[in-house]
Structure formats: C-alpha cells, structure tokens
Participant: 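Structure below; questions to follow.
When reading the values below, keep in mind they use all heavy atoms of this one structure, side chains included, and skip hydrogens, waters and symmetry mates.
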Amino acid sequence: QAKLERELYNAGRILPQQLIPRYCSELKLPRELQDVSMSIVGNLQTFEVFPARKPQVIGALAVYMAHFFFPNVEIGRADIAEHTGVSQNILKAGHKKMCQVWEKLLPDNVKQSYDAEQIAEIIQY
C-alpha cells in the first residue's frame, strides 16, 4: 500500500483526502472523526499551512488533530504514526504549528461545541 501511495504521489495523483478514509478505517475510528479530519485537511490546504508537505503527512496531521475532540477514542500519536507511516516527531511538530492557527482549521461544528479556552486546553499535547 505504501509503495502504491508513493507512486501515486510521485505522479502527482494522490490527495490527503484520499488517504483519510483508509487511515481512519485501519485505526477503527468513528465516521465523525473521519469527517472532522476531512474538514481539517481541506482547511490545511485552503490556508496553505503546510504547502510543501506530502499528502501522507497532511492526512496524518488532520487525523491527529481531530482525535483530540473524541475522548472516547483510545488512540495516540504512536498509533497514528504507525498506521500512517508519519513519524511521531513530525506529528508533534506539525500539531504545534496547527495549534497556532486552530481557528482556521477546525470545522464550525467543533468550534460551536466549545469555547476558545476549552479548545486551547483540548488540543494541548
């Protein structure tokens, strides 16, 4: 699977949105978390937060940020790293950058469910 992803990426034909369903399926994550991840990916691209990053990294970072809003889902950075092929260090560094611009990244339904202080507390790593 990873080899196929690399070939598609090198051919310029793979998008992070195509990877999120597989990541979420492999991690046995709920559909709601997948939906939040897809919104985050779209916003990451719209606001060009990581313009030079590979699609695998963007997808993994979106799942990583989204998972914080699903406290009943028992996964962590190591699990996401293992299933996406993105290192824990990249997830940590990317998440730190994403925390600085969370207002642009999180979907409205998440932002409406929490106040800014709660969100800042939730996404702390």
Participant: Name all residues meeting the side-chain contact (heavy atoms from CB on, under 4.5 Å) criterion together with F47; count only those two or more places apart in sequence or in a different chain, and write none if there are none.
Facilitator: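 Counting only residues at least two positions away or on another chain, F47 forms a side-chain contact (heavy atoms from CB on, under 4.5 Å) with N43, V49, K104.
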Participant: Return yes when atom CD of E74 has more than 12 non-hydrogen atoms of other residues, nucleotides or ligands closer than 6.0 Å, and no otherwise.
Facilitator: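 12 or below, so no.
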Participant: Which residues pass the ring pair (Phe, Tyr, Trp, His ring centres under 6.0 Å) test with F50, not counting sequence neighbours?
Facilitator: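 For F50, no residue satisfies ring pair (Phe, Tyr, Trp, His ring centres under 6.0 Å) once neighbours in sequence are set aside.
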Participant: What residues, two or more places apart in sequence or in another chain, satisfy side-chain contact (heavy atoms from CB on, under 4.5 Å) together with E82?
Facilitator: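 side-chain contact (heavy atoms from CB on, under 4.5 Å) list for E82, sorted by chain: empty.
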Participant: Under the ring-ring contact (aromatic ring centres under 6.0 Å, His included) rule, what pairs show up with a residue in residues 25-46, not counting sequence neighbours?
Facilitator: none
Participant: Under the side-chain contact (heavy atoms from CB on, under 4.5 Å) test, which residues partner H83, sequence neighbours left out?
Facilitator: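 H83 satisfies side-chain contact (heavy atoms from CB on, under 4.5 Å) with E26, L27 once adjacent residues are dropped.
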Participant: Taking side chain to side chain donor-acceptor pair (under 3.5 Å) as the test, write out the residues that go with N109, two or more places apart.
Facilitator: none
Participant: Which residues pass the side-chain contact (heavy atoms from CB on, under 4.5 Å) test with S87, not counting sequence neighbours?
Facilitator: N89, I90
Participant: List in chain and number order the residues that pass side chain to side chain donor-acceptor pair (under 3.5 Å) with Q88, two or more places apart in sequence or in another chain; answer none if no residue qualifies.
Facilitator: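 Partners of Q88 by the side chain to side chain donor-acceptor pair (under 3.5 Å) criterion come out as none, since no residue qualifies.
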Participant: Between E48 (side chain only) and L44 (backbone N and O only), is there a donor and an acceptor less than 3.5 Å apart?
Facilitator: no
Participant: Tell me, please, which residues at least two apart from Q45 pass side chain to side chain donor-acceptor pair (under 3.5 Å).
Facilitator: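 Q45: side chain to side chain donor-acceptor pair (under 3.5 Å) contacts with Q17.
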Participant: Keeping H95 on the side-chain end and K92 on the backbone end, is there a donor-acceptor pair under 3.5 Å?
Facilitator: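 Not at all, since once roles are kept as given, no pair shorter than 3.5 Å links the two residues.
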Participant: Please list all pairs passing the salt bridge (charged side-chain N to carboxylate O under 4.0 Å, His left out) test where one or both residues lie in residues 111-123, with sequence neighbours left out.
Facilitator: D108-K111
